[in-house]
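Proteins come first, then strands; the chains are lettered A, B, ... in the order of their sequence lines, and each starts at number 1. We use all heavy atoms of the structure for the numbers below, so side chains are in, but hydrogens, waters and symmetry mates are not.
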Amino acid sequence: MLYTVVMNRNRDFQLCYRKGVCIPSRLVVMYARPNRLPYDRLGITAGKKIGGAVVRSRARRLIRQAWRENECDAPIGLDLVIVARHALPEAGADKLSRYLRKEGIPALRKAFGGDRSCSERS
RNA sequence: GUGAGCAGACGAUGCGGUCGCAUGAACGCUUUAUGUUUAUGAGGAAAGUCCGGGCAUCACAGAGCAGGAUAGCUGCUAACGGCAGCCGAGGGCGACCUUAGGGCAAGUGCAACAGAAAAGAAACUGCCGCAGGCUAUGCUGCGGCGAUGGUGGAAUGGUGAGGUAAGAGCUCACCGGAGUGCAGGAGACUGCACUGCCGUGUAAACCCUAUCCGAUGCAACGCUUCAUGGUGCCGACCGUCUUAACGCUUGCUCGGCGGACGGUUCCGGCAAGAGCGGCUAAAGCAGCAUGGCGACGUGCUGCAUAGAUAAAUGACCGCACACGACAGAACCCGGCUUAUUGUCUGGUCACAGCC
């Protein structure tokens, strides 16, 4: 992921859950809040609820790839947590990517008014 | 050919193309960041965490208890609760399979319902003899007998014969069990002979016997470094109390060590953050030779390449095939157990057919 850093502290996750904007859907749930940094931070949650280790790894990979394909259109300066739901592993990669492009990212832009984006910056 | 049974291999992908990730190496760059190229990149169970070990730290002044594990024998192994071979018991026509397989002749407990009686032996019922009275087998009394008594998982060994007033291991034969002796075996055990006539089941009930076990697990543990905050511990000072308390020492006891408690203040150190190490070559695998029935040992040769840390192995397209089951490394090994689409290989057994 070119313009995004991995979020790896439990405190950041908790902040996102409590104070962030929640954007639910059938495949994933996104929590986001501004972080006042010049880049985005992405965290992925795939809980035991959706299946065993194989299923959870697959969900993580799908989310990471879909975000990589669409991160250029997202607003800058967000802490973002994407939570996988149990329908995700069977759905496939292109479905999630299409969802982010058509609905997820526009919702983020609407919530945080992001005119700036990576594509414009670079 | 049909049907069984055993052992084993593979187990999900491969090739081409586009995008992408982690680690190592090389190159470029003043260093970092980053870039380019290249190599490598989940399993037979990686799982459950059920055993055993390595490794690490703690305690080391030890002893005992408690607790836990194992339970036929001999071996293999670093070790094991694992494995191999054998013995006993059970199942199968057979190949073969199953087996928590010490001790109720140390003690305690339990044995519902049924049944006369469930562990102390007797009572009850019954059989037989004698006596009494009565019309009378019946009834009453005394004595003998021992297991006949619808049960029950289990009834004082079983079956048959003799014996007797009636009976009884009372006697005999066979069987079961016990003890002793002899023979065989490394041993579990097996065979034979003799004695003798023997009180059930349950130890996956307490318990007893034998053997083994210190505790905690890589978030162990070691190193480096910064800032903040005054949280915990150690040191310093003051006060109080006293030889018994208190604290530490593996869960407890003995034993051992330390005087103990409270308050104050400031200085120094440690831990909590971050980074690095631990972190992958290991009692390893394959082939050949050799010893052994086998587990396995020995020698030689060759191969040795995942090491992430919010956690890398992915997505899409085309072709091929078994049309992709169960399923994802987290310190490392040896086992066990559980999950699993299927494909293939090699012996073996029974039945049928042919020669």
Side-chain angles (χ1 to χ4, degrees):
Chain A
M1 289 171 285
L2 223 53
Y3 305 105
T4 307
V5 169
V6 169
M7 185 155 75
N8 63 354
R9 295 178 52 171
N10 196 34
R11 206 172 51 216
D12 298 333
F13 278 78
Q14 296 303 326
L15 277 175
C16 266
Y17 293 143
R18 277 207 303 273
K19 306 203 170 169
V21 177
C22 175
I23 304 169
S25 74
R26 206 173 64 81
L27 298 176
V28 294
V29 181
M30 297 197 292
Y31 296 89
R33 69 187 283 273
N35 62 359
R36 298 207 226 146
L37 291 169
Y39 48 82
D40 288 340
R41 294 194 299 178
L42 175 68
I44 300 173
T45 298
K48 262 196 176 152
K49 233 193 306 186
I50 66 166
V54 174
V55 174
R56 286 154 64 201
S57 305
R58 177 167 170 77
R60 266 203 307 276
R61 285 162 186 156
L62 290 176
I63 291 171
R64 204 167 8 209
Q65 183 186 340
W67 180 254
R68 198 182 65 241
E69 286 170 359
N70 295 288
E71 65 178 342
C72 287
D73 300 324
I76 290 176
L78 285 183
D79 273 356
L80 187 70
V81 175
I82 301 184
V83 179
R85 308 189 67 184
H86 65 274
L88 177 63
E90 301 118 46
D94 48 341
K95 265 192 184 169
L96 180 62
S97 186
R98 201 176 314 131
Y99 160 76
L100 278 184
R101 194 164 54 248
K102 296 269 170 60
E103 299 173 43
I105 304 282
L108 284 178
R109 282 174 160 282
K110 196 175 167 196
F112 298 101
D115 339 313
R116 309 181 304 157
S117 72
C118 302
S119 45
E120 290 169 14
R121 278 185 84 198
S122 59

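Across the P atoms, rG318(B) and rU32(B) are found 45 Å apart, a figure rounded to whole Å. Spacing between rG163(B) and rG146(B) at atom C1', rounded to whole Å, works out to 16 Å. As rounded to the nearest Å, rU57(B) and rA219(B) have C1' atoms that lie 14 Å from one another. When the C1' atom is used for both rG328(B) and rA45(B), the distance is 12 Å, rounded to whole Å. Between rC104(B) and rC80(B), the two C1' atoms lie 32 Å apart (nearest whole Å). Going from the P atom of rA188(B) to that of rA350(B) covers 36 Å, rounded to whole Å. Comparing rG82(B) with rA118(B), their P atoms are spaced 44 Å from each other, to the whole Å. Nucleotides rU70(B) and rG52(B) have their C1' atoms positioned 13 Å apart, rounded to a whole Å.
Using Watson-Crick or G-U wobble geometry with both donor-acceptor distances under 3.5 Å, rG132(B) finds its partner in rC139(B). Of the nucleotides present, rC189(B) is the one that pairs with rG184(B) by Watson-Crick or G-U wobble criteria, both distances under 3.5 Å. The pairing partner recorded for rA59(B) is none, the criterion being a Watson-Crick or G-U wobble arrangement whose two distances lie under 3.5 angstrom. Base pairing annotation: rA123(B) forms no Watson-Crick or G-U wobble pair, as no partner gives both donor-acceptor distances under 3.5 Å. Across all strands shown, the partner of rC21(B) is rG41(B), judged by Watson-Crick or G-U wobble contacts whose two distances both fall under 3.5 Å. With a 3.5 Å ceiling on both atom-pair distances, the Watson-Crick or G-U wobble partner of rG259(B) is rC241(B). Across all strands shown, rG52(B) forms a Watson-Crick or G-U wobble pair with rC333(B), both key distances being under 3.5 Å. The partner of rC207(B), taking Watson-Crick or G-U wobble pairs whose two distances both stay under 3.5 Å, is rG103(B).
Heavy-atom nearest nucleotides on RNA chain B were determined for V54(A) and for T45(A), and the one closer to the 5' end corresponds to T45(A).
Glycosidic conformation at rG138(B) (O4'-C1'-N9-C4 for purines, O4'-C1'-N1-C2 for pyrimidines): anti, more than 90° from 0. Base orientation of rG115(B): anti (glycosidic angle beyond 90° from 0). Glycosidic torsion of rA42(B) falls within 90° of 0, placing the base in syn. Classified by its glycosidic torsion, rG347(B) falls in the syn category, the angle being within 90° of 0.
A 4.5 Å side-chain heavy-atom check between L27(A) and R85(A) finds every atom pair outside the cut-off. M30(A) has its side chain within reach of L100(A): a pair of non-hydrogen atoms, C-beta onward, lies under 4.5 Å apart. Considering only heavy atoms from C-beta on, L96(A) comes within 4.5 Å of V28(A) through its side chain. The shortest side-chain heavy-atom distance between T45(A) and V81(A) falls under the 4.5 Å cut-off.
Between R56(A) atom CZ and rA311(B) atom P there is a gap of 13 Å when expressed in whole angstrom units. Note: CH2 (W67(A)) to C1' (rC21(B)) measures 18 Å, nearest angstrom.
Judged as a side chain to side chain contact (heavy atoms under 4.5 Å, CB included), and not counting sequence neighbours, the contacts of R61(A) are S57(A), R64(A). When the ring-ring contact (aromatic ring centres under 6.0 Å, His included) test is applied to Y31(A), the partners found at least two apart in sequence or on another chain are Y17(A).
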Interface polar pairs with nucleotides 312-318 of chain B, N/O, under 3.5 angstrom:
from	atom 1	to	atom 2	distance (Å)
rU313(B)	OP2	R61(A)	NE	2.8
rU313(B)	OP2	R61(A)	NH2	3.2
rA315(B)	OP1	R58(A)	NH1	2.8
rA315(B)	O4'	Q65(A)	OE1	2.9
rA315(B)	O2'	Q65(A)	NE2	3.3

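Scanning both residues, S25(A) and Y99(A), for their nearest heavy atoms gives CB-OH, 3.2 Å.
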